[in-house]
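Since the structure comes first, as structure tokens, the remarks are kept for the end.
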Amino acid sequence: MYHNKKNLIKQIIEFRYEVITLKKSGRHLWTISIEILYYFAIPLGCTFLHFIYAKCTIVTRTIVHLALLIFCIYGSYYNIFSINNKQIIEEMYIIIKTNMKLAFFVFFSGSFLGIILFQMEKFDVLNNKLLKSFIFQQFLHVCSLLWMIYAYRSNSSGFQVLSRPGFLWTVFLFLLLISNSEVNLIKRYLENNNILQHFGKYSFGVYLFHPLVIFLFMKNEYIVHARKNLRTCELYGLILLISYVLGYLWYHLLEKQCINLANKMCRKLTE
């Protein structure tokens, strides 16, 4: 018994070390390592774009934006990293290199969306006339509704399992961001729904703790015995409730404090 516990603790320590050193991903935290790696690439992209915006004409900038868009679409739909199904089955959620190949264009789609929105802010004609046009806003409303249905019903597998949905929902997010919430019912609902707002605020904590809650409900002998009288929907509801409470506590006890500290440091740096 003692040796089994010792080996288990050793395996946990080794696994945590591999995750921290970005050698492997782990379970539902598999995104953390590839996000960190992508963050290292962001300054390089920003430096390149800063040079383009400072030194090049508007024609050149437009060509660069079109090239980035084509690269984004092509990479989301075509297997440019040559990932095979065997790799996906054996290495997805485990090997960082494979995960980065699968998720890269999800990140890139979001980055490109940020670039486009940043550039759109500089065009007064676009912001003051076209985007404020009631007819154009109605057009965006219809487009966002149809695109939401299309993105929801689109199935992806293989190398597209992450990249294609990532691109499709990025387009949907773009349509919402340039829409007026007074016209676009989807955007108005998402902005004003209190339940979604609270889930969004506590989502990271819920994300962190829900596997632990599920594990306890499925593996702990006392809980397994106690939950025999629960129906499936009641069981799922209880798991969701406990995960939400843990996410709530995580946010108020730690996450919010870290956010306040980060904001304070940023204000100090800009003074």
Side-chain angles (χ1 to χ4, degrees), residues 31 34-35 38-39 41-42 45-46 48-49 52-53 58-59 61-80 102-204 206-207:
T31 62
I34 58 177
E35 286 168 8
Y38 188 77
Y39 293 154
I42 289 177
C46 291
F48 168 73
L49 288 175
I52 295 296
Y53 296 150
I58 190 170
V59 175
R61 296 178 203 168
T62 303
I63 293 173
V64 170
H65 291 150
L66 287 174
L68 291 175
L69 176 60
I70 293 170
F71 177 64
C72 184
I73 296 173
Y74 190 84
S76 297
Y77 282 81
Y78 297 94
N79 192 5
I80 66 173
L102 290 168
F104 175 80
F105 283 99
V106 179
F107 297 148
F108 190 82
S109 296
S111 298
F112 183 70
L113 172 61
I115 293 169
I116 295 302
L117 292 173
F118 177 74
Q119 290 301 305
M120 286 177 63
E121 292 177 355
K122 298 181 179 180
F123 292 94
D124 294 333
V125 175
L126 179 65
N127 292 302
N128 295 330
K129 291 187 178 181
L130 183 61
L131 292 183
K132 289 186 177 180
S133 167
F134 180 77
I135 296 176
F136 186 71
Q137 285 297 328
Q138 287 288 4
F139 173 74
L140 289 176
H141 184 200
V142 174
C143 285
S144 61
L145 178 61
L146 294 176
W147 194 269
M148 180 182 69
I149 297 171
Y150 170 66
Y152 173 75
R153 293 186 59 83
S154 295
N155 296 317
S156 298
S157 60
F159 70 90
Q160 292 183 349
V161 67
L162 298 176
S163 59
R164 187 166 179 258
F167 175 77
L168 292 177
W169 288 110
T170 298
V171 174
F172 175 68
L173 182 59
F174 171 72
L175 293 172
L176 288 189
L177 288 172
I178 63 174
S179 294
N180 189 325
S181 57
E182 294 180 0
V183 178
N184 194 309
L185 296 177
I186 303 172
K187 184 174 183 179
R188 189 192 313 167
Y189 172 77
L190 293 175
E191 287 181 341
N192 298 310
N193 187 287
N194 290 327
I195 296 176
L196 293 179
Q197 288 177 1
H198 283 89
F199 261 99
K201 183 182 291 184
Y202 310 132
S203 60
F204 185 66
V206 174
Y207 169 70

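All values derive from a computational prediction rather than experimental measurement.
How far CD1 of Ile73 is from CG of Leu68: 11.5 Å, rounded to the nearest 0.5 Å. Distance check: Asn79 CG to Gln160 CD gives 8.5 Å after rounding to the nearest 0.5 Å. The CZ atom of Phe139 sits 14.5 Å away from atom CZ of Phe134, with the distance rounded to the nearest 0.5 Å. Rounding to the nearest 0.5 Å gives a distance of 11.0 Å between OG of Ser203 and CG of Leu196. Expressed to the nearest 0.5 Å, how far CD1 of Ile63 lies from CD1 of Ile52 amounts to 10.5 Å. Put simply, NE2 on His65 and CD1 on Ile70 are 13.0 Å apart, with the number rounded to the nearest 0.5 Å.
Residues passing the ring pair (Phe, Tyr, Trp, His ring centres under 6.0 Å) test with Tyr150, sequence neighbours excluded: Trp147. In this view, Phe136 satisfies the ring pair (Phe, Tyr, Trp, His ring centres under 6.0 Å) rule with no residue, not counting sequence neighbours. In this structure Asn193 satisfies the side chain to side chain donor-acceptor pair (under 3.5 Å) test together with Tyr189, sequence neighbours excluded. Applying the side chain to side chain donor-acceptor pair (under 3.5 Å) criterion to His198, with sequence neighbours excluded, gives no partner residue. Applying the side chain to side chain donor-acceptor pair (under 3.5 Å) criterion to Gln138, with sequence neighbours excluded, gives no partner residue. Taking the side-chain contact (heavy atoms from CB on, under 4.5 Å) definition, one finds that Leu146 meets it with Val142, sequence neighbours left out. Annotation: side-chain contact (heavy atoms from CB on, under 4.5 Å) contacts of Leu66 (sequence neighbours excluded): Thr62. For Val161, the side-chain contact (heavy atoms from CB on, under 4.5 Å) criterion is met by Met92, Leu102, not counting sequence neighbours. With sequence neighbours excluded, the residues forming a side-chain contact (heavy atoms from CB on, under 4.5 Å) with Tyr74 are Tyr78, Ile80, listed by chain and number. A search for side chain to side chain donor-acceptor pair (under 3.5 Å) contacts involving Ser181 returns Glu191, not counting sequence neighbours.
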Residues 168-179, side-chain donor-acceptor partners within the protein, below 3.5 Å, at least two apart:
unit_1 : atom_1 : unit_2 : atom_2 : d
Thr170 : OG1    : Gly166 : O      : 2.6
Ser179 : OG     : Leu175 : O      : 2.4
Ser179 : OG     : Asn184 : ND2    : 3.3

Using residues 105-118 as the side-chain source, report each donor-acceptor pair under 3.5 Å to any protein atom, sequence neighbours left out, with the distance given to one decimal.
unit_1 : atom_1 : unit_2 : atom_2 : d
Ser109 : OG     : Phe105 : O      : 2.6
Ser111 : OG     : Tyr38  : OH     : 2.7
Ser111 : OG     : Phe107 : O      : 3.2

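Remark: side-chain polar atoms of Ser76 are paired, donor with acceptor, to backbone N or O of Cys72 under 3.5 angstrom. Of the possible donor and acceptor atoms, none in the side chain of Arg164 sits under 3.5 Å from a partner among the backbone N and O of Ser157.
Residues Val183 and His141 come closest through the heavy atom pair O-ND1, 3.4 Å.
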